[in-house]
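So the structure is just underneath, and the comments pick up after that.
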Amino acid sequence: MLPYVLLLPALAILVAALGYPLYRQAVMSFQEYGLAQQFGQPPEWVGLDNYVTLVTDSYLWTVIVRSVVFCFANAAITMVIGIALAVLMTLVTRGPRLVLQIGLLLAWAMPHLASLTVWQWLFDAQYGVINWLLVNLGFDRFAGHSWLIDQLSFFVVATVIVVWMSVPFVAFAVYAGLTQVPGELYEAAQIDGASAWARFRTVTVPLVKPVLLIVMLLQIIWDLKVFTQIFVLQDAGGITAQTNLIGTYIYRLGLGEGEFGLAAAASWFVLLLTVVLSLYYVRVLVREEEL
């Protein structure tokens, strides 16, 4: 009984911080709430009209598919690079490992807007370092090339930035898990003739699987809700209609067009999508704990 009593203060704070906003968001999703309501006009109750409008809007489904593809692509790339860096940290000596860890911490600690300013300069059409390097390597067609106007290259730049910002967390989390694997298991597997890849696949992965699942789950949730990077890149030259993800779509629907009722309804799509995408990993985690 005592553990549940001790949880009550934290639950009360959680309900106070999230309960009312979620309630207002739910109520607003059933109302016509626009700019007029911001100036005092009572909102009109429209029932499920906002949801019907969104469900029948083909652009919303385009944005959802685009967001899911972007989410899984970024999560997969981030996990591969993060795990590789974590393994590298277990193999190198203390000096190189410290340098690598400091570099990762600096990338992780840099504010998003500050780092995005640097990335915009790197990919600038006229003065960017990326175009300058490509031209000097013989790719003359990149002279004055705009990376943000084309949809595909826009998301290439966005992926580079999102992965760069996300890799440190994955690398440190997985590295912490790797340090808990007993060295005797590696020695026994090596004596049995297992190669480095076989040791990693049969010893390392099963033992750090809970860590990998949790990190992957968090990464999917974060990448699905990416906002700042896409918003800033859109303002820097990206075509909004072609590059909207679910976060920027809701923002522009609400603050941009004044359709706060539609934006509130659309936000529930994000919650539902997050639950659906996370359900598999949650089930696996529960199964792992039961074992």
Side-chain angles (χ1 to χ4, degrees), residues 58-82 84-85 100 102-171 219-220 222-258 263 266 270:
S58 60
Y59 182 66
L60 171 65
W61 297 108
T62 300
V63 171
I64 288 177
V65 171
R66 187 186 298 155
S67 300
V68 172
V69 172
F70 183 83
C71 166
F72 277 105
N74 279 262
I77 296 171
T78 301
M79 289 297 295
V80 170
I81 297 177
L85 290 176
L100 177 58
I102 291 174
L104 290 171
L105 280 174
L106 290 175
W108 197 13
M110 185 176 293
H112 284 187
L113 289 178
S115 59
L116 281 165
T117 301
V118 176
W119 282 107
Q120 286 181 62
W121 171 72
L122 289 173
F123 284 96
D124 184 78
Q126 298 298 325
Y127 309 106
V129 173
I130 303 299
N131 284 352
W132 178 82
L133 285 174
L134 291 172
V135 169
N136 280 273
L137 288 173
F139 299 97
D140 294 334
R141 64 188 181 89
F142 283 97
H145 174 72
S146 176
W147 289 85
L148 301 180
I149 291 180
D150 179 72
Q151 184 186 42
L152 180 59
S153 61
F154 176 95
F155 283 112
V156 168
V157 175
T159 297
V160 170
I161 297 173
V162 171
V163 170
W164 179 79
M165 292 179 174
S166 304
V167 159
F169 169 76
V170 175
Q219 199 59 50
I220 288 174
W222 291 336
D223 287 341
L224 184 63
K225 298 189 296 182
V226 165
F227 173 79
T228 305
Q229 297 90 331
I230 302 300
F231 182 80
V232 172
L233 291 178
Q234 286 178 339
D235 280 357
I239 300 175
T240 302
Q242 296 180 2
T243 58
N244 265 335
L245 297 184
I246 194 68
T248 54
Y249 170 76
I250 293 173
Y251 175 85
R252 297 187 186 282
L253 189 63
L255 294 181
E257 301 178 16
V270 180

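What you see below is based on every heavy atom in this structure, not just the backbone, and it leaves out hydrogens, waters and symmetry mates.
- How far CZ of Phe231 is from OG1 of Thr240: 9.0 Å, rounded to the nearest 0.5 Å.
- Under the 6.0 Å cut-off for aromatic ring centres, Trp222 and Phe169 qualify, their centroids lying closer than that.
- A donor-acceptor pair under 3.5 Å is formed between the side chain of Asp223 and the backbone N or O of Ala75.
- One finds the CD1 atom of Ile230 at 4.5 Å from the CZ atom of Phe154 (value rounded to the nearest 0.5 Å).
- Looking only at side-chain heavy atoms (C-beta outward), Cys71 and Ile220 come within less than 4.5 Å of each other.
- Within the 4.5 Å cutoff, the side chain of Val167 has no heavy atoms near those of the Ile77 side chain.
- Note that CE of Met165 and OG1 of Thr228 are 8.0 Å apart. Values are rounded to the nearest 0.5 Å.
- A donor atom on one side chain and an acceptor atom on the other are not found under 3.5 Å apart for Gln242 and Asp150.
- With contacts defined as side-chain heavy-atom distances shorter than 4.5 Å, the pair Gln120/Val232 qualifies.
- Trp164 places a side-chain heavy atom less than 4.5 Å from the side chain of Met110.
- Distance check, rounded to the nearest 0.5 Å: CG of Leu116 to CG of Leu233 gives 6.0 Å.
- Between Gln151 and Thr243, the side chains place no donor N or O within less than 3.5 Å of an acceptor N or O (distance only, hydrogens not considered).
- Annotation for Ala107 and Pro168: closest pair CB-CG, 4.2 Å, computed over non-hydrogen atoms.
- Counting heavy-atom neighbours within 6.0 Å of Ile149 CD1, excluding the residue itself, gives a total of 12 or less.
- Screening Val170, Val163, Val162 for a side-chain contact (heavy atoms from CB on, under 4.5 Å) involving Ser166 leaves a single residue, Val162.
- Asp235 meets the salt bridge (charged side-chain N to carboxylate O under 4.0 Å, His left out) test with Arg252; sequence neighbours excluded.
- The closest side-chain donor-acceptor pair between Thr248 and Asn244 falls under 3.5 angstrom.
- Taking the ring pair (Phe, Tyr, Trp, His ring centres under 6.0 Å) definition, one finds that Phe123 meets it with Trp147, sequence neighbours left out.
- A donor-acceptor pair under 3.5 Å is absent between the side-chain atoms of Asn131 and the main chain of Ala143, judged by distance alone.
- Panel note: side chain Ser67, backbone Ile246; a donor-acceptor pair is recorded below 3.5 Å.
- Residue Phe70 holds its CZ atom at 6.5 Å from CZ of Phe155, rounded to the nearest 0.5 Å.
- Taking the side chain as every heavy atom from C-beta outward, Val226 and Gln229 approach each other to under 4.5 Å.
- Distance check: Leu106 CG to Ser115 OG gives 12.0 Å after rounding to the nearest 0.5 Å.
- Taking the ring pair (Phe, Tyr, Trp, His ring centres under 6.0 Å) definition, one finds that Tyr59 meets it with Tyr249, sequence neighbours left out.
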